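Contents: one structure, followed by commentary.
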Amino acid sequence: MPGFKGLFVPGPTNMPFRVRQAMDVALEDHRAPDFPQFVLPLFADVKKIFQTKSGQVFIFPGSGTGGWESAVANTLSPGDKVLASVFGQFSYLWVDLCQRFGLQVDAVDVEWGQGVPLDQYRARLEADKQHAIKAVLVTHNETATGVTSDVAGVRRILDDLKHPALLFVDGVSSIASIDFRMDEWGVDIAVTGSQKGFMMPTGLAILCVSEKALQAGTSARLPRGFFDYRDMAKSNAQGYFPYTPAATLLRGLRASVDMLLEEGLPNVFARHRRLAGAVRAAVDAWGLRNCAQAPHWYSDTVTAVMVPEGVDANAVIKTAYNSYDLSLGGGLSKVAGKVFRIGHLGWMNEIMVMQALGGTELAMHDVGIKFEPGCGVGAAVRHLSRAGDAMRVAAE
Ligand SMILES: Cc1ncc(COP(=O)(O)O)c(C=O)c1O
């Protein structure tokens with residue numbers, strides 16, 4: 001079909017031309033004398049995205065899953081206790097990875113559509129007088145259900161109880177799109193990948209690690225090789241890497257970080273909030289439910305839309321793709337067939353969101369979901385139009 005395909009899965013996201021062009025370069029010598037002049041400022045600027053002064057950034061060839069593995073392998077020992085919660089496919093997979101590493105995971109089972117259960121975290125941490133729990137896991141944005149959790153809330157609990165556990169955050173579908181504050185929230189390891197908020201191809205695991213986590217690594221006994229922070233830190237300090245870096249992707253990352261910082265992080269977050277609001281307005285107008293069960297869980301990067309009883313969400317996804325070249329995200333595991341997901345993160349603007357909503361209406365109409373054609377698009381227009389903005393400001 002002529003025209004652009006619509007990519008509205010929650011990662012990989014749309015890649016800006018500037019990022020693509022930045023990677024259209026000859027391959028380079030990563031041991032060249034001037035390579036550090038490129039690498040060192042890049043690390044300094046990636047730190048700004050994590051909103052950290054004291055954290056140390058690590059960039060591995062890999063993806064978010066590799067980032068999870070690095071967090072665990074660098075800080076923990078076999079049999080260590082970890083507190084986590086499962087409320088979607090990604091929070092589940094992180095727990096699974098910990099179990100494969102021989103950790104004892106206390107994984108609180110939460111209804112999908114909700115997020116990190118602060119009360120239950122508090123109760124378990126309070127009961128842990130011996131401080132057996134060595135790490136607490138938080139999936140900041142559960143991409144499978146479109147649920148954002150309260151990382152600062154978990155930090156408050158740890159501080160209230162003076163519990164020394166490390167705080168690990170999966171920010172794969174939040175960092176660079178939704179407000180994330182490494183230092184203010186006392187996060188020890190934040191994990192993300194290149195293919196979501198950073199608007200890049202998959203291929204980099206991007207992490208930020210606290211001094212406390214690095215310290216924990218000196219006595220941690222899990223085996224680590226490829227992902228050893230100590231080797232990375234030693235070479236990175238000189239502007240190099242312990243093995244061949246994905247230099248072309250680093251060129252793309254340079255452009256991506258420039259774009260994010262030029263827009264300004266508060267504006268990036270506000271743009272995501274505004275676009276997400278339009279998608280949520282459309283879902284309401286269609287008479288459908290957001291999988292996230294309450295507004296404080298609503299994600300500004302992805303919305304999982306529940307289809308009516310008796311409808312297969314996969315039919316919407318297939319029709320969108322086959323008939324209209326529109327990629328929507330599928331329901332994973334427990335919510336397979338029950339939800340389709342609209343990704344609204346990264347290089348995204350009003351008219352792209354209108355395209356996604358229009359295409360979704362076409363597909364929903366084709367599979368026989370009952371709604372007034374145009375009602376979701378209309379609700380989004382009212383939410384996004386500048387005239388609407390001016391009227392809202394005047395009314396306030
Ligand atoms: C929240 C979350 N965590 C982890 C992952 C796994 O990351 P990757 O696919 O980059 O390995 C994903 C992937 O979509 C994710 O959305």
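When a ligand or atom number is given, it counts from 1 through the structure's own listing order. None of the values given here were measured: they were computed from a predicted structure.
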Query raised in the report: Counting both backbone and side chain atoms, is some N or O of T202 under 3.5 Å from an N or O of ligand 1?
Result: no
Query raised in the report: For atom 1 (C) of ligand 1, what's the nearest protein heavy atom and its distance?
Result: T143 OG1, 3.1 Å
Query raised in the report: Are the side chains of P16 and M259 in touch, meaning some heavy atoms are under 4.5 Å apart?
Result: yes
Query - Any Q195 heavy atom less than 4.0 Å to ligand 1 - result: yes
Report task. Mind jotting down which residue pairs meet the side-chain hydrogen bond (donor to acceptor under 3.5 Å, both in side chains) criterion with at least one end in residues 42-52? Sequence neighbours excluded, please. Result -> D45-K48, D45-R254, Q51-D179, T52-D183
**Report entry** N141 versus S174, side-chain donor and acceptor atoms under 3.5 Å
**Finding:** no
Query raised in the report: Just distances here: any N/O of D170 and N/O of ligand 1 closer than 3.5 Å?
Result: yes
Query - Atoms in ligand 1 flagged as close to S63, the criterion being non-hydrogen separation under 4.0 Å - result: 8 (P), 10 (O), 11 (O)
Query - N or O contact, W68 vs ligand 1, cut-off under 3.5 Å - result: no
Report task. Can you tell me which residue pairs pass the ring-ring contact (aromatic ring centres under 6.0 Å, His included) test with a partner in residues 310-361, sequence neighbours excluded? Result -> F17-W347
Query - T65-ligand 1 polar pair, N/O distance under 3.5 Å - result: yes
Query raised in the report: If you measure from each non-hydrogen atom of W94 to ligand 1, which part falls under 4.0 Å: side chain, backbone, both or neither?
Result: neither
Query raised in the report: When you check the side-chain N and O atoms of Y121 and S85, is any donor under 3.5 Å from an acceptor?
Result: yes
Requested in this report: Looking only at protein heavy atoms, identify the closest one to atom 5 (C) of ligand 1 and say how far it is in Å.
Outcome: F90 CD2, 3.6 Å
Report task. Pick one of side chain, backbone, both or neither for how V172 approaches ligand 1, counting any non-hydrogen atom pair under 4.0 Å. Result -> side chain
Query raised in the report: Does some non-hydrogen atom of G64 fall short of 4.0 Å from ligand 1?
Result: yes
Query raised in the report: Does R251 make a cation-pi contact with F38, if we ask for NZ or CZ under 6.0 Å from the ring centre and within 45° of the axis?
Result: yes
Query raised in the report: Hey, are Q89 and E142 close enough side-chain-wise for a donor-acceptor pair under 3.5 Å?
Result: no
Query raised in the report: For ligand 1, which atoms have a heavy atom of N141 less than 4.0 angstrom away?
Result: 1 (C)
Query raised in the report: Short N/O distance, under 3.5 Å, between K196 and ligand 1?
Result: yes
Query raised in the report: If you measure only the distance, is there a donor-acceptor pair under 3.5 Å linking the side chains of S173 and T143?
Result: yes
Query raised in the report: Going by atom types alone, do W68 and D170 pair a side-chain donor with an acceptor below 3.5 Å?
Result: yes
